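Please read all numbers here as calculations on a predicted model, not as lab measurements. Note that the numbering runs from 1 along the sequence shown for the chain. We count ligands from 1, going down the list as the structure has it; atoms in each ligand are counted the same way.
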Amino acid sequence: MTIPSSPSGSSSVLPDPDAQAAARGTDDAGSAGNAGWLERYTGAVMNTFGTPGRVLVRGQGAHVWDADGKEYTDLLAGIAVNCLGHAHPAIVEAVSNQLNTLGHVSNFFTTPAQVRLAETLVSLTFPGLPAHESKVFLANSGTEANEAAFKIARRHGGSSRPRVLALQDAFHGRTMGALALTHKAAYREPFEPLPGGVEFIPAGDTDALRSALGPDVAALIIEPIQGEAGVRELPAGYLETARELTRQAGALLIIDEVQTGMGRSGAWMAHHLLAPGVVPDVVTLAKGLGGGIPIGAVIATGEAAALLGPGQHGTTFGGNPVACAAALAVIETIRSQDLLGRVDRLGSTWARELAAVDGVDQVRGRGLLIGVGLAEGLPPAGEIVAALAQRGFIVNAPRPDTIRLAPPFILSDDDARAFTAALSEVLSRAQSEKAGS
Ligand SMILES: *Cc1c(COP(=O)(O)O)cnc(C)c1O
C-alpha cells in the first residue's frame, strides 16, 4: 500500500539560521539532508535498529525538524522519554547550572543533587510509607534499573528460591539479566545461555500465577501496562492478586515502571492509578525520569531496600549530578505546572476522540501512553506510521496492529486534534484503496 503525503504538506521553514544550516548539512560538507546523513549512518553505526527513517536536527516543545527541514509533531517523545518536550527551559537551566558547578564525581562521593533526588523518588514512589523504610539505587537506563532489581531478587532468593517469574510478552531491557526477563524469543535466543531460573507465565492469568508461585520463587516482575507488547493493560484486580500471592509465598513483587512511570499514566506511577492499595517491594524507573538525560532508578522498600550491600552493585555514571539535576527539574516542573492533571485530562479526551475514528478498533492505555488498535483488514501499522510521518507526525508501531502514542505532557490540544484528523484521513484512504483494489 502507498498512501500519498498530504498535498499541502506539513513541512515548515526552519526559523533560525543555525538550524537551517544544520538542516542543509552545510555545517558538515558532503552530507546535505536526510539522504546524505543516512548513507553515512549505515557506514558507521552498527545495524541494531535497521536504518532510521529520518535524521532529526532540532526540537522545540512537541515539535522536531529533520535534516531536510521538514517539521514533525513528536507524538513518541523518544519513546516516552521527553515528557517535557524538547529543549524545555527548566531542564536546560538545571543541567547547565549543574554542569557549570560540578559535572561528575565518582561514587566515592555524593552530591546534593543525588541525595535530593533519592529522597524525592522515595516520596513519589511510596507516598504512604515512612521514608526511612525505602532506599534508591541510581543507574543510567531502564535495563540497568531492572538488572539491579534482578540482583535484589537473587539476593532475596539465595539458593532456596532460584525461580523468578515474569509475564509473557514482557519487555524489561536488553542487558543479559534484563533480557532473561524479556519474553520475546527473537531478542533472547541469539544470546543464550542467559541467567537461569526465569519462567514466563500468561499475563493477567491469576490461576497461572497461583500455580507458579511457591516457596522457591524469589520474585515476580510486572509492567503495570505492557508498553512494548502494544500498550496492553492487565485485567483489573491482577496487581492486587499478584501482591497478595507474592506476599503469601514470600516472593518480592517488582513493578517495572520504566515506560509507565513519572506521570505518563496521569499518576506518578501507573500502579498508583491501577491498583491504589498495592505496595510493591521494588519499583524501577528510567525513560521519562530524566526528560531526555539518561538516568534510571530502583526504589525498594522494606527488606528489599537493604539486600544490596557494599561491593555488591555499582556503576560509574549512576547518580551523576547532571542526570540527577535533570530528573529533579522534571519532577519540579510536573508538580508546579500540574502536568499530571494535564496528562489525565488530555489523555482521556484524546482517547475518546481516537476511538471514534473510522478504522480504529480499540484504544488502550492510560494518560498519555496510548495504544491505538487498528481494525482488521487495514495495512500493517508500520505502513500507517510511515504515512503519518509523511504528514508530519511521529508515532510508532509496537505491533503490526497497533500504533503507539507517548507524546510530551506539554502537547497542545490543537496538536492532538491535528493528529486525530490526520489519522482519520490516512485510515479512510487505506480503507478506500483496499475497497478499490
Ligand atoms: C524501555 C523499557 C525498558 C528498557 O529501558 P532502556 O532504557 O531502553 O534500557 C525496560 N522496561 C520497560 C517496561 C521499558 O519500556
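Between Asp74 and His63, every side-chain heavy-atom pair lies at or beyond the 4.5 Å cut-off.
Across all their heavy atoms, Ala249 and Leu213 have their closest contact at CB-CD2, 4.2 Å.
Around the CD atom of Glu133, the shell of radius 6.0 Å holds more than 12 heavy atoms that belong to other residues, nucleotides or ligands.
Looking at His172 against ligand 1, only its backbone comes within 4.0 Å, counting heavy atoms. Both the backbone and the side chain of Thr143 come within 4.0 Å of ligand 1, counting heavy atoms alone. Using a 4.0 Å cut-off between heavy atoms, Lys287 contacts ligand 1 through its side chain alone, with no backbone atom that close. If you look at Asn146 next to ligand 1, the close heavy atoms, those under 4.0 Å, all belong to the side chain.
When only interatomic distances are considered, the shortest N/O to N/O separation between Asp256 and ligand 1 falls below 3.5 Å. Polar contact check, Glu228 against ligand 1: no nitrogen or oxygen pair lies under 3.5 Å apart.
A cation-pi geometry, defined here as NZ or CZ lying under 6.0 Å from the six-membered ring centre and within 45° of its normal, holds between Arg174 and Tyr187.
Residue Asp169 forms a side-chain hydrogen bond (donor to acceptor under 3.5 Å, both in side chains) with just one option from Arg232, Gln226, Lys184, and that option is Arg232.
Judged by distance alone, the side chains of Thr111 and Arg116 never bring a donor and an acceptor atom under 3.5 Å apart.
Of the protein's heavy atoms, none falls inside 4.0 Å of atom 8 (O) of ligand 1.
Near Gln259, meaning under 4.0 Å from one of its heavy atoms, ligand 1 places the atoms 15 (O). Residue contact check: Glu223 has heavy atoms under 4.0 Å from atoms 13 (C) of ligand 1.
Nearest-heavy-atom check against atom 5 (O) of ligand 1 across Ala80, Ala170, Gly142, Pro398 picks out Gly142.
Taking the six-membered ring for Trp and the full ring otherwise, His172 and Phe150 have centroids separated by 6.0 Å or more.
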